[in-house]
Structures are given as C-alpha cells and as structure tokens.
**Student:** 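So that we are looking at the same thing, I have put the structure below in structure tokens.
For clarity, every value in this text was computed on a predicted model and none was experimentally measured. Values below: all heavy atoms of this structure, side chains included; hydrogens, waters and symmetry mates excluded. Convention: sequence-line order gives letters A, B, ...; per-chain numbering from 1.
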There are 2 protein chains.
Amino acid sequence: MTDRYPPRRFQRGSMATTVPDDQDDQPITLAGLHIDVLDGAFSWYIRSLDSVVSRDLDHRMAHLDIAKGKGKITTLLLVDDYPGVRPSQIAEVLMRDRPATGRIIDRLVQAGDIRRETAPEDQRAQALFITEKGHALADEVRGIIREQENEFFDFIAEEDRAQFMRMLKRAYLNMRKKLE
Amino acid sequence: MTDRYPPRRFQRGSMATTVPDDQDDQPITLAGLHIDVLDGAFSWYIRSLDSVVSRDLDHRMAHLDIAKGKGKITTLLLVDDYPGVRPSQIAEVLMRDRPATGRIIDRLVQAGDIRRETAPEDQRAQALFITEKGHALADEVRGIIREQENEFFDFIAEEDRAQFMRMLKRAYLNMRKKLE
DNA sequence: GGGCATTAGTTGTTTTTCACAATCATTTGG
DNA sequence: CCAAATGATTGTGAAAAACAACTAATGCCC
C-alpha cells in the first residue's frame, strides 16, 4: 500500500527566478478535487497542457482551412522553410507513419497550399513546394503561433522564457533519443 | 514576407541553472531538417512531448489492461484517491464531456478496477469506489509513472526539477483559466 | 546485367476516439 | 406542483491512427 496522504507538496526550486511562488504551492483544485494527488506527475501536466494548447490553437485557427489537423501546421511550415522537402522527412519529424503523412499532404495539396513534384534525383520520391497561397497561409499561421506564445507566456518573465523553452527542448530530445 | 533565415537562435536564459547549455544552442536536426525553424514554438514542443510521453507510457504499461487509454489512468488514480468521487467531477478534470467519461468508467468497471454506487445524497449521481484489484493496479501505475519521471528527468538537476514542474503547472493553470 | 532486398509512396481496411444530439431520471426553485 | 437544471446513458456519425498490402524505383551483389 502506498502512502498517498497528505498530498505531496512541491518543494521550492533552487533557481533564482522572477516567477512568484505564491500561487504555486497551493494545490490545484478542479471540481473540488486536489489534482496534486496525481503525483504531481510530469506526464499529466504535459498531456493536459497539450490538450489545452491544441484546443486553443484550433480555436485561433478556426477561420483557416488548416485548422483541426495535428500535423498540418508543422507540414506547412516545413514545406515553406524547406523547398523540395520529402514526405518521408516530414513523417520523421511528425513521428507518424507514411500513410498518415501522405494523407496530410493530400489535404494540403487539395487546398492548394503546397504542390508535389517528382524528385529529380530519385524518381520514387517527391519534392514538395509551397504555393503562393500556402506561403501566405504559413505567414499567417506563424503570426497566430507567435500571438499564442505571447499570451501564453505572459506569466513568465521574459528572461525566464528561454530557460523554460530550453528545458522543453531538452526534455523532447532526451525522450526521443530514448525511444531510439 | 517573413524573414525566416537564418533560423532563430535560442538566447541564453538569465536563471542560474545547473543545466548545461552546450547542447541547447545547437539546432535540432531531424531527417536533415533543422526544426528550429518551426519558430522554436512552445506549442510544437508541447505537442511533440505529449506524443513521445504518451507513447512511452503506453509502452511501459503495455502489460496492464489499463494501457492505451488517455483518461483511464487519471480516472483510476482519482477514484483511488477520492472514494465516492463522481463521474462529472472526473469529466471536469479530464476536460472531456460526460459521455466520453462515462465510457472510460464503463471500461474500468468492466475490468473490475472500480465500482459504481448510487450517491446517497443525490440519486441521479454515482459514487465511484476503487476495488482491491483496482487499488493494486493504481499503486503499480504510480510506480511506473515515478519510474518514467526519474528516467525522463535524469538530465535535469534535482533542484531544478521543481522549478520546471512549477512552470508547467503555471502554464497549465494559466491556459486553462483563459479558456474560461 | 539479372535478381533480390530496400526504400518511397499510395490505397484500403479496421479499430478507436470524439463530439454532438437525444433521452431518462432526479433534484431544485419558484 | 410544475419548470428548469443537473447527472448520466445511449446512439450516431465523423475524424484519426494503426496495419497490411501493393506499385514503382533504386541499390546491391553476384
């Protein structure tokens, strides 16, 4: 039997920070439940944050035909940044299989945001290119992401954001590496 | 037209930290693409991290019948920690609608991990309770989560983890609040 | 160069997930 | 005592994810 009570308190960090602590050591209460008993699990926050962030992003992009897709935004930005990129490269970034990636590309092609060509040096492969319409969309999307970022980050002091982002980045790399 | 080149570099944070910087200012390269051009977007890291963390968790729990469900783990732990909790409370924590929550509960009941009773003070509502089997499972799950946490966090110094977690927590609360 | 494994991408299928509408029962408030 | 609100279930349809099977082109190795 595991001892679960009292709920674990978050201990203070050792880093100098401009983030005030006052609210952070109080338990989160949702629907009358102190969800801190979920072990303060990192994975829980990540999964919940993902859910909230995705919803918010969907909402902000509701007026664009790119909305509602998980990999579409990444694909669009990649094609915009890397003319001639291949579907298989995108699949690796998205961590999806090729069929899934292919269908994302289908929709972007159909929407007129990108176009396919056969890769000259390998006739099996495709080279993807952004269209004029797609490029405009990519810029708009970037703006929306930046907006979300600013609104979202408004509780973290400017000089701490980079640190936070760096941790996220390392977390991502570390986990990805461990999954081979 | 947005200036996209050269890719944005992450600036150094101002916080004292034991996290070494050396690797962090190098661009991430996947399939030959520097994904830093995705604007270093916070949302991208969160979504990708979620994907990796969820996969890893699924993998670690593959031998348990609770695997593969997004809300099942949270539900199980909540019921274990809050005897008599109601489905609607769980729905609020999960940010899912009641039908979805009800179906998660169905599966846990069917697996014999929790049981339903009618709430004595409100005959419309249910009170959920953990079973012996479910409690054992909950402890096992907690162990797995802790394991993942330790492995995952091995690149962050002990005293910095709390700070990272606190930021995630604030991020979550902040976004959730803004979605009303 | 012929044959075979590998890689790139597509198509199809099946299962799961999710959101929405409709329904029933109970409670609450006037 | 009636109407509105709340807690939960059922049903349905649409979107997403995982898997297998298939075509085509490339690379390797004899």
**Student:** What residues form a side chain to side chain contact (heavy atoms under 4.5 Å, CB included) with E92(B), not counting sequence neighbours?
**Tutor:** A31(A), R176(B)

**Student:** Of all residues at least two apart in sequence or in a different chain, which pass the salt bridge (charged side-chain N to carboxylate O under 4.0 Å, His left out) check with D56(A)?
**Tutor:** R60(A)

**Student:** Using side chain to side chain donor-acceptor pair (under 3.5 Å) as the criterion, list what pairs up with S51(B), not counting sequence neighbours.
**Tutor:**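 Scan of S51(B) (side chain to side chain donor-acceptor pair (under 3.5 Å), adjacent residues dropped) gives R55(B).
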
**Student:** Can you pull the side chain to side chain donor-acceptor pair (under 3.5 Å) pairs that have at least one residue in residues 115-130 of chain A, sequence neighbours excluded?
**Tutor:**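 Residue pairs passing side chain to side chain donor-acceptor pair (under 3.5 Å), neighbours aside: R86(A)-E121(A), D106(A)-R116(A), R115(A)-E117(A), D122(A)-R124(A).
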
**Student:** Can you check the K72(B) NZ to dT17(C) P distance for me, whole Å?
**Tutor:** 7 Å

**Student:** What stems, by residue range, does DNA chain D take part in, given at least 3 consecutive Watson-Crick or G-U pairs under 3.5 Å?
**Tutor:** C:1-30 with D:1-30

**Student:** Whole-Å distance between dT10(C) C1' and R96(A) CZ?
**Tutor:**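 In whole Å, dT10(C) C1' lies 18 Å from R96(A) CZ.
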
**Student:** List for me each residue that meets side chain to side chain contact (heavy atoms under 4.5 Å, CB included) alongside A138(A), sequence neighbours excluded, and say none if there are none.
**Tutor:**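 Only L76(A), L77(A), D80(A), R142(A) meet the side chain to side chain contact (heavy atoms under 4.5 Å, CB included) criterion with A138(A).
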
**Student:** Can you measure R47(B) atom CZ to dA16(D) atom P for me and round it to whole angstrom units?
**Tutor:**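 My rounded result for the distance is 11 Å.
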
**Student:** Which residues in residues 99-108 of chain A have at least one heavy atom lying under 4.0 Å from any atom of DNA chain C?
**Tutor:**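 Close to the strand are P99(A), G102(A), R103(A).
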
**Student:** Nearest-Å distance, CG (D97(B)) to P (dT9(D))?
**Tutor:**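 In whole Å, dT9(D) P lies 12 Å from D97(B) CG.
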
**Student:** Looking at dG7(D), I'd like to know if its phosphate oxygens (OP1 or OP2) sit under 4.0 Å from a side-chain N or O belonging to Q89(B).
**Tutor:**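 No, no such contact exists.
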
**Student:** With N150(B), which residues qualify under side chain to side chain donor-acceptor pair (under 3.5 Å), at least two apart?
**Tutor:**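 Side chain to side chain donor-acceptor pair (under 3.5 Å) check on N150(B) returns nothing, list empty.
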
**Student:** Supply the atom-to-atom distance L33(B) CG to L78(A) CG, rounded to the nearest 0.5 angstrom.
**Tutor:**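 Atom-to-atom, L33(B):CG and L78(A):CG are 6.0 Å apart.
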
**Student:** If I take atom CG in residue L94(A) and atom P in nucleotide dA17(D), what distance separates them, rounded to the nearest angstrom?
**Tutor:** 10 Å

**Student:** Please tell me if R116(A) has a side-chain N or O lying less than 4.0 Å from either OP1 or OP2 of dT10(C).
**Tutor:**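 Yes.
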
**Student:** Measure CZ/R86(B) against C1'/dT9(D) and give the value in whole Å, please.
**Tutor:** 17 Å

**Student:** If you compare every side-chain N and O of S88(B) against the phosphate oxygens of dA8(D) (OP1, OP2), does one of them come in below 4.0 Å?
**Tutor:** yes

**Student:** Using 0.5 Å steps for rounding, measure from the CG atom of D81(B) to the NE2 atom of H135(B).
**Tutor:**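 D81(B) atom CG to H135(B) atom NE2 measures 9.5 Å (nearest 0.5 Å).
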
**Student:** Check every atom of dA8(D), dA8(C), dC18(C) against the side chain of R98(A) and return the nucleotide holding the closest atom.
**Tutor:**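 Given the options dA8(D), dA8(C), dC18(C), the side chain of R98(A) is closest to dA8(C).
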
**Student:** List the protein contact pattern of nucleotides 23-30 of chain C with one symbol per nucleotide (5' to 3'): B for base contact, S for sugar-phosphate-only contact, - for none; contact means a heavy-atom distance under 4.0 Å.
**Tutor:** --BBS---

**Student:** Suppose the criterion is salt bridge (Lys or Arg N to Asp or Glu O under 4.0 Å): which pairs have a residue in residues 125-138 of chain B, not counting sequence neighbours?
**Tutor:**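 Qualifying pairs, neighbours excluded: D65(B)-K133(B), D113(B)-K133(B).
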
**Student:** Under the ring-ring contact (aromatic ring centres under 6.0 Å, His included) test, which residues partner F153(B), sequence neighbours left out?
**Tutor:**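 F42(A).
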
**Student:** Taking side chain to side chain donor-acceptor pair (under 3.5 Å) as the test, write out the residues that go with D58(B), two or more places apart.
**Tutor:**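 Applying side chain to side chain donor-acceptor pair (under 3.5 Å) to D58(B) gives none.
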
